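Have a look at the structure below before the remarks.
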Amino acid sequence: MNTPVSAWFDCSSGVAGDMLLGALLDAGATLDTVGRAVDAVAPGSIRVRAEQVRRCGLSATQVHVDADPGPPHRTWHAIRTMLARAALPEAVRERAHSVFLRLARAEAAAHGIAVDDVHFHEVGALDAIADVVGVCAAVHELGITDAAATPVTLGSGRARSDHGRIPVPAPAVLRLLTGSGAPARSGGLPYEMATPTGVALLLTLCGEWGGMPELRLVATGAGAGTRDLEDVPNVVRVVLGTTPRADAPAVAQAVVVDANVDDLDPRIWPQVLTRLLEAGASDAWLTPILMKKGRPAHMLSALCPLPVLPAVRETITAETSTIGTREHRVDKHELEREFTTVAVGEASVRVKVARYRRRIVNVQPEYEDVVAAAERLGIPVKTALARSIAAAEGAAENQRCDSCGT
Ligand SMILES: O=C([S-])c1cc(C(=O)S)c[n+]([C@@H]2O[C@H](COP(=O)(O)O)[C@@H](O)[C@H]2O)c1
Ligand code: NI
């Protein structure tokens with residue numbers, strides 16, 4: 001595993017999805033990686049370009065997205081499906097999913113509808129998919145494991161949208177920020193400085209808010225917004241660096257969030273675990289415990305990367321009856337892993353391949369794909385599983401590792 005990299009975003013001039021993507025490209029992420037990830041989600045429909053521009057005399061990268069005309073609306077379900085089907089590194093898929101889930105929840109709250117009834121308009125268009133997936137791919141490529149940001153400048157006035165000339169801060173932006181712990185301010189300028197997509201990305205990536213933390217700088221970049229304002233450079237800046245601690249061990253920092261619960265209807269637990277995974281937790285589980293007064297209860301635990309900690313806290317608070325959590329930082333030793341797909345008869349099965357020191361040590365077909373293959377082929381699940389493992393082991397030996405090239 002490479003040295004973990006910390007990022008700090010300067011959003012004192014606002015934030016938008018394309019500005020974040022521009023900043024990460026300016027700091028060293030490649031258009032090739034971004035383009036491939038975006039193409040995996042919406043094949044053949046989006047092209048991402050980068051242009052070097054000036055904002056108030058400062059050099060910055062502006063991102064342009066050329067997208068084929070798509071359907072005017074995309075449901076949250078449609079976007080979820082596009083992400084689920086895409087051949088993406090798992091971390092990129094999970095993070096992009098969390099961003100869109102946040103947007104869906106904010107839209108649902110702003111319009112007073114159920115999350116599953118949300119139809120994205122501007123934010124579901126292909127350029128927003130490019131921004132979200134592009135940023136998540138760039139973060140992955142740069143090896144960013146944790147991020148912080150300044151308070152977000154929101155702007156004021158009115159902005160054009162499918163709902164007419166909506167007030168700034170946009171309703172979805174206010175919903176996104178509510179309860180997130182992220183500080184925000186108007187900043188006084190009469191423009192929309194922070195868009196829903198930009199804020200959703202920032203909240204998903206960042207676990208800390210404030211001035212630049214102590215870092216050994218390795219790169220910096222600036223991403224341009226569309227307008228060139230008179231007094232303020234309309235850019236998001238990113239600073240990448242390592243911390244003294246991160247330089248030493250080849251491990252990732254993560255947090256385990258625990259809560260003891262004795263009064264939740266037990267039928268709800270499976271949904272709680274699902275929601276935590278959707279929020280970006282890498283794992284979520286229950287341990288049966290005996291609590292005070294001899295009450296049978298459960299300890300809920302969620303393991304999560306630092307950037308998704310606020311979303312995980314929020315999910316535990318919203319979905320369970322707990323009135324508090326315990327959190328402890330842990331070192332996470334993670335094997336390199338990637339997905340490949342094997343054919344089992346007419347069906348396709350995704351397979352997770354894990355390596356230790358570049359040697360394949362585990363090959364595991366995705367169980368849901370195995371069940372789907374069994375149904376499609378009309379064979380027992382145990383037979384589909386055996387055939388998937390055999391196909392996967394055969395393929396694994398010939399497979400190239402995407403991340404290390406061996
Ligand atoms: O598309 C919808 S439903 C939409 C909702 C809202 C709400 O606040 S509700 C706001 N907007 C505006 O559309 C653009 C999209 O910006 P992104 O960068 O997030 O794609 C922006 O001006 C929003 O304020 C759209
Ligand atoms: Ni809306």
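In what follows, every heavy atom counts, from backbone to side chain, and hydrogens, waters and symmetry copies are set aside. Quick caveat, the model's predicted, so the values are computed rather than measured. Remember, it's 1-based here, ligands and their atoms both numbered in the order they're listed.
Residues passing the side-chain hydrogen bond (donor to acceptor under 3.5 Å, both in side chains) test with Arg93 are Glu90, sequence neighbours excluded.
For Ile166, every heavy-atom contact with ligand 1 shorter than 4.0 Å involves the side chain, none the backbone. Contacts of Ala172 with ligand 1, taken as heavy-atom pairs under 4.0 Å, involve both backbone and side chain.
Proximity of Gly198 to ligand 1 is not established, as no heavy-atom distance is less than 4.0 Å.
Between Glu368 and Arg350, no side-chain nitrogen of the basic residue sits less than 4.0 Å from a carboxylate oxygen of the acidic one, so the salt-bridge criterion is not met. Comment: Arg376 does not engage Asp369 in a salt bridge, judged by the lack of any side-chain N to carboxylate O separation of less than 4.0 angstrom. Under 4.0 Å is where a charged nitrogen must lie from a carboxylate oxygen, and between Asp66 and Arg47 no such pair does.
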Would you please test Glu327 and Asp258 for side-chain contact (heavy atoms from CB on, under 4.5 Å) and show each step?
CA-CA 6 Å; Glu327 300 177 359; Asp258 291 329; over 6 Å; no
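Closest N/O/S atom of Glu107 to the Ni ion (ligand 2): OE1.
Within 6.0 Å of CZ in Arg102 there are more than 12 heavy atoms belonging to other residues, nucleotides or ligands.
Looking at ligand 1, you won't find any N or O of Ala110 less than 3.5 Å from one of its N or O atoms.
The contact set between ligand 1 and Thr197, taken as ligand atoms under 4.0 Å from a residue heavy atom, comprises 17 (P), 18 (O), 19 (O), 20 (O). Set against the non-hydrogen atoms of Glu192, the atoms of ligand 1 under 4.0 Å away are 21 (C), 22 (O), 23 (C), 24 (O). Atoms of ligand 1 lying under 4.0 Å from at least one heavy atom of His111, given by number and element, are 3 (S), 9 (S). Of all the atoms in ligand 1, the ones that sit under 4.0 Å from a non-hydrogen atom of Ala170 are 8 (O), 24 (O).
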Distance-only donor-acceptor pairs under 3.5 Å for side chains of residues 29-42, two or more places apart:
{"unit_1": "Thr30", "atom_1": "OG1", "unit_2": "Thr33", "atom_2": "N", "d": "3.3"}
{"unit_1": "Thr30", "atom_1": "OG1", "unit_2": "Thr33", "atom_2": "OG1", "d": "2.9"}
{"unit_1": "Thr30", "atom_1": "OG1", "unit_2": "Glu141", "atom_2": "OE1", "d": "3.2"}
{"unit_1": "Thr30", "atom_1": "OG1", "unit_2": "Glu141", "atom_2": "OE2", "d": "2.7"}
{"unit_1": "Asp32", "atom_1": "OD2", "unit_2": "Arg36", "atom_2": "NH2", "d": "3.4"}
{"unit_1": "Thr33", "atom_1": "OG1", "unit_2": "Glu141", "atom_2": "OE1", "d": "3.4"}
{"unit_1": "Thr33", "atom_1": "OG1", "unit_2": "Glu141", "atom_2": "OE2", "d": "2.9"}
{"unit_1": "Asp39", "atom_1": "OD1", "unit_2": "Gly44", "atom_2": "N", "d": "2.8"}

